[in-house]
Amino acid sequence: MSDKKVKVPEAGQWPDNLVVPAVLAGAVLTTAGFLMAFLMVGPVNGAALSSPELVGDVMVTNQQLLSQKIFYFHMPVAIVSFVALVFAAYYGIRFLMGRQQRFDTCSRVAMEIALLFVVFTMVTGDLWTRFEWGVWWTWEPRLTTYLILMLIVIAYFVLRNAVDDPERRAVFSGVISIIALVDVPICFMITRLIPSSVHPVVAREGGMAPDMVAAVMIIMAGMMLVAFGLYRLRFRQARLDERVQALKDQLEDY
Amino acid sequence: MKTTKRGDSPNCHFAAKPSTFSQYKTLLAKDLRQEFRTREMLTSMGIYALLVIIVYGAALALTANGLDIMKMGGGLLWVLIVFTSLLGLGRSFAHEKDQGCMEGILLVPLDRSVIFLAKTTANVLFMLAVEVIAVPLFYFFFMTGQPVAPTLPAIVAPLAVGTIGMAGIGTMLSTITMNTRAKDVMLAVLFIPLIYPLLYACVTATTAAIAGTEFWTDYFVMPLVLACGYDVVMLLVCWVLYDFVVSA
Amino acid sequence: MMSGPDSPAILACGLTKAFGTRKALDRVSFELPEGAFLSIFGPNGAGKTTLLRVLSTLVRPTGGKASLCGIDLTEEPDKARGLVGMISHQSMLYPDLTAEENLLLYAELYGVSDPKARVGELLEAVGLAHRRLDAVRTFSRGMTQRVSIARALVHDPRVVFLDEPYSGLDPHAIEIFDELIESTRADRTFVMVSHDLAKGFAMCTHALVLARGRVVSFAPKDELDFDDFAQLYRETVGMGVA
């Protein structure tokens with residue numbers, strides 16, 4: 001009864017062709033970075049200990065030096081998760097401006113990637129905390145910020161589930177993704193800037209050795225590629241879902 | 001019904017579009033009048049605050065004597081405030097939703113952010129009104145046994161800053177959650193992580209003022225400034241985004 | 001652009017409201033002269049309420065254009081809002097405020113020049129002047145609906161939308177409601193969404209049938225025969241959406 005052209009959401013544009021190479025390259029780079037971190041980059045400042053020793057008034061064991069290796073995994077993951085969050089908010093803004101369902105899907109998928117990497121960050125950070133400070137949890141600025149970030153991202157998905165109307169859901173999630181992006185740096189700043197007598201001060205500051213930087217960069221590049229691959233895969237799946245839904249709707253029409 | 005003859009203007013009853021400020025006053029007056037009539041929010045929030053205090057009494061019954069209440073007081077007070085405001089904020093849009101009044105207001109030619117500002121102001125006033133009762137009660141039940149630091153009155157500043165920020169973001173979020181399933185849980189799930197930075201800053205400042213130790217300003221001024229920064233940024237973001245949320 | 005004498009009360013041109021591929025409204029076009037009474041019919045989910053929400057500026061259309069008395073809805077929404085009144089099955093009144101306070105609230109928000117006098121006049125007209133100091137909560141459904149007529153007319157709108165106004169009204173209240181609407185007709189334009197085919201048809205000057213967001217038929221009543229129309233409507237509903 002209708003003469004209009006069948007128009008359905010498209011999926012599988014050119015970036016999808018990059019998924020396989022990206023994920024492969026990402027895996028290779030990440031693995032290479034890991035091997036580099038463990039085999040080539042020395043412990044901090046090239047220290048290696050066979051027995052516990054006193055370094056700068058602090059008892060240091062080899063275990064702690066090794067635990068530092070988690071850092072090579074932890075930092076890139078944390079940065080990727082934040083990048084994903086930035087993309088989620090960016091697509092949130094795009095959606096609010098144009099009201100195209102496509103951008104809502106982008107935003108949601110970016111948020112899913114953010115959730116995945118935030119959880120990785122939490123896990124690696126927590127392992128580090130356990131080895132470094134001997135506690136499973138401490139209200140240290142970075143940990144706190146990431147816990148809050150994780151809760152916000154989870155809240156985002158809880159909210160999505162609680163709204164029935166698709167357009168309203170998209171608007172609300174877009175708004176929350178923007179608020180989340182604004183909230184996270186504030187959270188980090190506030191927990192960090194307020195002087196506290198309870199928390200141990202994180203002493204491992206200072207510059208990184210060039211070989212450390214190289215390892216971190218390689219792993220980060222690898223992680224980014226993996227994240228991109230995952231994003232495109234998930235996006236493709238979500239779009240195909242929408243496509244099927246649209247085709248079903250159209251079938252009902254005839 | 002008498003219909004006035006229309007002249008050249010399509011709307012003879014219009015003097016002029018009322019100023020944004022007068023619309024703001026009208027909306028705020030509506031919220032306050034409604035509250036004075038029913039006292040719904042104030043009673044429920046007030047009783048809730050009292051109940052939390054009673055729960056504290058039970059929770060701290062065995063430790064109260066040896067407890068350094070001056071260090072815990074700030075935190076406990078803010079727990080009280082957060083949960084009480086959560087209750088109030090959750091209900092602040094109940095009347096708007098019930099009979100479709102929100103739609104009626106959206107049909108009026110007015111800037112959407114006026115709705116946000118009016119509602120936020122109303123929520124700030126309700127929360128402050130409850131705090132005026134709850135804070136002295138808290139003091140009365142838990143802190144009279146201890147010598148009072150001369151800096152105690154300074155807690156007014158973090159209370160005010162915290163209340164404004166919470167009311168702002170809470171108004172935004174409860175506008176969102178009034179259209180969701182399981183409203184109350186949803187509000188808490190969004191509200192608490194998002195106000196965490198503000199809460200953290202305000203608790204630090206309040207604790208510093210209550211303890212009033214020698215270098216208390218170190219722990220007071222900086223958090224307060226940061227809390228103000230949070231308020232400004234978040235209120236601006238909410239103010240900008242409110243149009244999308246309320247018209248969705 | 002000011003409304004000229006020749007600009008139609010409602011002009012919809014290719015109005016579309018969609019999200020993703022779901023179209024709530026699909027290229028809806030019609031033109032309604034001033035002073036007309038349009039009844040919109042259609043099965044559940046046909047997009048009647050969406051159309052009303054788009055025309056009353058509560059929802060922005062995805063595509064197409066619409067104007068009220070020559071004022072474009074998307075370009076000058078605030079100006080268009082001043083022309084619109086809405087009576088729905090929800091009263092849009094605060095139950096804890098009195099009838100007068102409710103009307104004053106809206107009168108002040110709209111910027112009516114003498115709110116007190118206007119509200120008094122309206123309450124008189126809907127026959128509730130003696131109850132003006134009572135909370136709306138204490139009113140019967142019929143009385144509440146009368147107050148909400150007054151509410152919708154407080155700024156003397158040129159176009160009034162009625163969204164299922166009869167739901168929950170008893171026959172007597174419906175009678176009063178009809179009389180009130182009749183007395184406010186003047187040169188106002190009305191648009192009504194109703195499930196009651198006979199009633200909607202009796203009141204209207206124009207009829208529009210929607211199905212799946214599309215206009216199935218739009219015609220002045222003079223050109224329609226009720227039985228044929230009812231037949232068309234049944235077929236439309238039979239096509240079923242929801």
Side-chain angles (χ1 to χ4, degrees), chain A residues 89 92-93 95-99 104 118 139-141 143-199, chain B residues 71 165 169 172-173 175-183 185-205 207-208 211 213 215 217-227 229-238 240-248:
Chain A
I93 294 171
F95 171 76
L96 289 179
M97 281 162 54
R99 298 286 168 113
D104 175 51
V118 168
W139 292 95
E140 188 265 340
L143 283 178
T144 312
T145 307
Y146 263 84
L147 177 67
I148 296 301
L149 174 54
M150 185 168 80
L151 289 176
I152 294 175
V153 177
I154 291 172
Y156 172 93
F157 288 107
V158 177
L159 176 68
R160 284 194 77 97
N161 272 326
V163 188
D164 293 320
D165 180 66
E167 182 164 3
R168 188 179 272 171
R169 173 169 60 216
V171 171
F172 289 169
S173 358
V175 167
I176 293 293
S177 68
I178 297 166
I179 295 185
L181 184 69
V182 177
D183 197 64
V184 168
I186 299 183
C187 187
F188 182 69
M189 214 172 71
I190 284 188
T191 44
R192 204 181 156 85
L193 286 183
I194 290 178
S196 162
S197 51
V198 191
H199 308 160
Chain B
K71 265 191 185 157
I169 198 139
M172 174 81 169
L173 294 178
T175 312
I176 290 180
T177 54
M178 77 171 173
N179 289 311
T180 63
R181 277 176 269 126
K183 302 181 186 52
V185 183
M186 206 50 246
L187 181 61
V189 164
L190 288 167
F191 182 68
I192 290 178
L194 285 173
I195 58 145
Y196 181 86
L198 180 66
L199 184 64
Y200 186 83
C202 288
V203 168
T204 312
T207 310
T213 48
F215 298 108
T217 44
D218 291 359
Y219 294 90
F220 185 78
V221 177
M222 183 64 152
L224 200 60
V225 170
L226 289 170
Y230 174 94
D231 278 10
V232 171
V233 172
M234 276 304 182
L235 285 178
L236 270 179
V237 171
C238 292
V240 170
L241 293 176
Y242 197 72
D243 185 13
F244 296 111
V245 169
V246 80
S247 338

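Any value given below was found using the heavy atoms of this structure, including those in side chains, with hydrogens, waters and symmetry copies removed. For clarity, every value in this text was computed on a predicted model and none was experimentally measured. Here is how names work: the chains are called A, B, and so on, in the same order as the sequence lines, proteins then strands, and each is numbered from 1.
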State the [atom1]-[atom2] distance between [X] and [Y], to the nearest 0.5 angstrom.
X: Asp165(A); Y: Asn179(B); atom1: CG; atom2: CG; answer: 9.0 Å
X: Ile195(B); Y: Cys187(A); atom1: CD1; atom2: SG; answer: 11.0 Å
X: Leu159(A); Y: Leu187(B); atom1: CG; atom2: CG; answer: 11.0 Å
X: Ile176(B); Y: Ile179(A); atom1: CD1; atom2: CD1; answer: 6.0 Å
X: Leu173(B); Y: Phe172(A); atom1: CG; atom2: CZ; answer: 10.5 Å
X: Leu151(A); Y: Ile192(B); atom1: CG; atom2: CD1; answer: 10.0 Å

Decide side-chain contact (heavy atoms from CB on, under 4.5 Å) for Leu147(A) and Tyr196(B); before the verdict, give the C-alpha distance in whole Å, the side-chain angles of both, and the deciding distance to 0.1 Å. CA-CA 11 Å; Leu147(A) 177 67; Tyr196(B) 181 86; over 6 Å; no
Region of [X] in contact with chain A, defined by heavy-atom distances below 4.5 Å:
X: Ala182(B); answer: neither
X: Val189(B); answer: both
X: Val237(B); answer: side chain

Return the minimal non-hydrogen interatomic distance between [X] and [Y], and the atom names on each side.
X: Pro197(B); Y: Ile190(A); answer: O-CG2, 3.4 Å
X: Val171(A); Y: Ala248(B); answer: CG1-CB, 3.9 Å
X: Asn161(A); Y: Arg181(B); answer: O-NH2, 2.9 Å
X: Val175(A); Y: Phe244(B); answer: CG2-CB, 4.3 Å

Heavy-atom distances under 4.5 Å only: say whether [X] touches chain B with side chain, backbone, both or neither.
X: Arg99(A); value: side chain
X: Ile178(A); value: side chain
X: Val163(A); value: both

Does any non-hydrogen side-chain atom of Leu96(A) lie less than 4.5 Å from one of Leu241(B)? yes
Residue among Ile152(A), Thr144(A), Ile154(A) with most heavy-atom pairs under 4.5 Å to chain B: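 It is Ile152(A).
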